[in-house]
Amino acid sequence: MSGVDKAMLTVDGIPLLHRVLAAVGAVPVVVVGPERPVPAAVRWTREEPAGGGPVAGLAAGLAAVDLPSTATVAVLAADLAGITSSTLARLCFDGDGAVLVDEDGREQWLIGVWRLGALRAAIPAQPRDRSLRSVLGGLDVTRVPARPGECVDVDTPADLRP
């Protein structure tokens with residue numbers, strides 16, 4: 001979207017990042033990216049190099065989490081317009097984690113809940129420009145069908161219109 005800060009674009013008057021933080025509703029929260037004004041206490045970190053892709057971002061976020069490997073963590077994109085706390089509550093699993101699956105049957109790797117130890121073990125030594133599917137797809141993943149609108153993210157200006 002031509003360098004626009006997607007995380008701060010608004011849907012119904014609420015910035016996308018604020019929507020995601022409200023859906024999480026737990027602490028600690030780590031946000032990967034440049035610092036922005038948010039209505040919650042978060043820890044900020046950046047991937048190396050900046051713009052290194054979602055796996056590099058995930059690696060940076062995991063490095064900033066000080067929890068036991070048995071802890072459960074949510075991994076969410078900042079541009080999710082349809083995410084709610086009830087979405088996260090439905091992401092239950094027995095194995096390594098759970099992801100939402102859209103209406104076309106595609107796993108939404110940036111809408112998931114995971115066992116922290118499994119995520120850390122899956123991250124490659126060189127995470128730059130790796131796909132989440134290639135890194136997380138081999139884990140024991142529970143796939144949860146999305147409800148209408150839950151997987152909506154903002155990739156184009158048209159995505160901001162109701």
Side-chain angles (χ1 to χ4, degrees), residues 1-11 14-85 87-89 91 93 96-100 102 106-139 141 144 146 150-156 159-160:
M1 290 191 29
S2 302
V4 170
D5 184 2
K6 289 193 327 180
M8 295 308 287
L9 293 175
T10 62
V11 173
I14 302 170
L16 293 168
L17 179 57
H18 294 201
R19 289 174 171 278
V20 172
L21 293 174
V24 173
V27 292
V29 174
V30 174
V31 179
V32 179
E35 291 189 32
R36 304 160 173 105
V38 295
V42 302
R43 180 169 182 190
W44 297 94
T45 190
R46 292 299 305 258
E47 73 273 24
E48 285 294 328
V55 177
L58 178 57
L62 293 176
V65 173
D66 185 24
L67 293 171
S69 63
T70 56
T72 300
V73 296
V75 175
L76 303 168
D79 66 347
L80 300 171
I83 192 82
T84 67
S85 58
T87 304
L88 295 178
L91 293 173
F93 61 92
D96 296 324
V99 296
L100 217 55
D102 69 19
R106 289 186 307 259
E107 292 91 355
Q108 297 300 306
W109 298 108
L110 288 174
I111 308 175
V113 176
W114 300 89
R115 193 167 329 285
L116 181 57
L119 281 180
R120 285 187 170 142
I123 297 295
Q126 298 298 323
R128 182 179 182 175
D129 297 327
R130 297 285 304 272
S131 75
L132 285 167
R133 179 179 40 182
S134 71
V135 171
L136 303 179
L139 296 176
V141 181
V144 178
E150 282 183 316
C151 291
V152 172
D153 65 353
V154 176
D155 292 324
T156 69
D159 295 336
L160 292 168

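By convention here, the first residue in the shown sequence is residue 1.
Side-chain atoms of R36 do not come within 3.5 Å of backbone N or O of D5 as any donor-acceptor pair. Counting only distance, with no hydrogens or angles, the side chain of E47 and the backbone of G51 share a donor-acceptor pair below 3.5 Å. R43 places a side-chain N or O within 3.5 Å of a backbone atom of A64 that can act as its donor or acceptor partner. No donor-acceptor distance shorter than 3.5 angstrom exists from the side chain of R128 to the backbone of P49, with no hydrogens or angles considered.
For the side-chain contact (heavy atoms from CB on, under 4.5 Å) test with L100, the passing option among V144, V113, L110 is V144; the others fail.
Once rounded to the nearest 0.5 Å, the distance linking CD of Q108 with CG of D102 reads 4.5 Å. Expressed to the nearest 0.5 Å, how far CG of L119 lies from CG of L58 amounts to 5.5 Å. The CG atom of L21 sits 12.0 Å away from atom CD1 of I14, with the distance rounded to the nearest 0.5 Å. To the nearest 0.5 Å, atoms CG (L136) and CH2 (W114) are separated by 4.5 Å.
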Quick one: do E150 and I111 satisfy side chain to side chain contact (heavy atoms under 4.5 Å, CB included)? Show the steps, please.
CA-CA 9 Å; E150 282 183 316; I111 308 175; over 6 Å; no
Given the rule in the side chain to side chain contact (heavy atoms under 4.5 Å, CB included) test, do V141 and W109 qualify, once you have shown the distances and angles that lead to the verdict?
CA-CA 10 Å; V141 181; W109 298 108; 4.2 Å; yes
H18 vs M8, side chain to side chain contact (heavy atoms under 4.5 Å, CB included): CA-CA, chis, key distance, verdict
CA-CA 8 Å; H18 294 201; M8 295 308 287; 3.8 Å; yes
Please test L139 against R115 for side chain to side chain contact (heavy atoms under 4.5 Å, CB included), starting from the C-alpha separation and ending with a verdict.
CA-CA 11 Å; L139 296 176; R115 193 167 329 285; over 6 Å; no
Please output the side-chain donor-acceptor pairs of residues 74-84 that fall under 3.5 Å, not counting sequence neighbours, one pair per line with the distance.
{"unit_1": "D79", "atom_1": "OD2", "unit_2": "K6", "atom_2": "NZ", "d": "2.9"}
{"unit_1": "T84", "atom_1": "OG1", "unit_2": "S86", "atom_2": "N", "d": "3.3"}
{"unit_1": "T84", "atom_1": "OG1", "unit_2": "S86", "atom_2": "OG", "d": "2.8"}
{"unit_1": "T84", "atom_1": "OG1", "unit_2": "T87", "atom_2": "N", "d": "3.2"}
{"unit_1": "T84", "atom_1": "OG1", "unit_2": "T87", "atom_2": "OG1", "d": "3.2"}

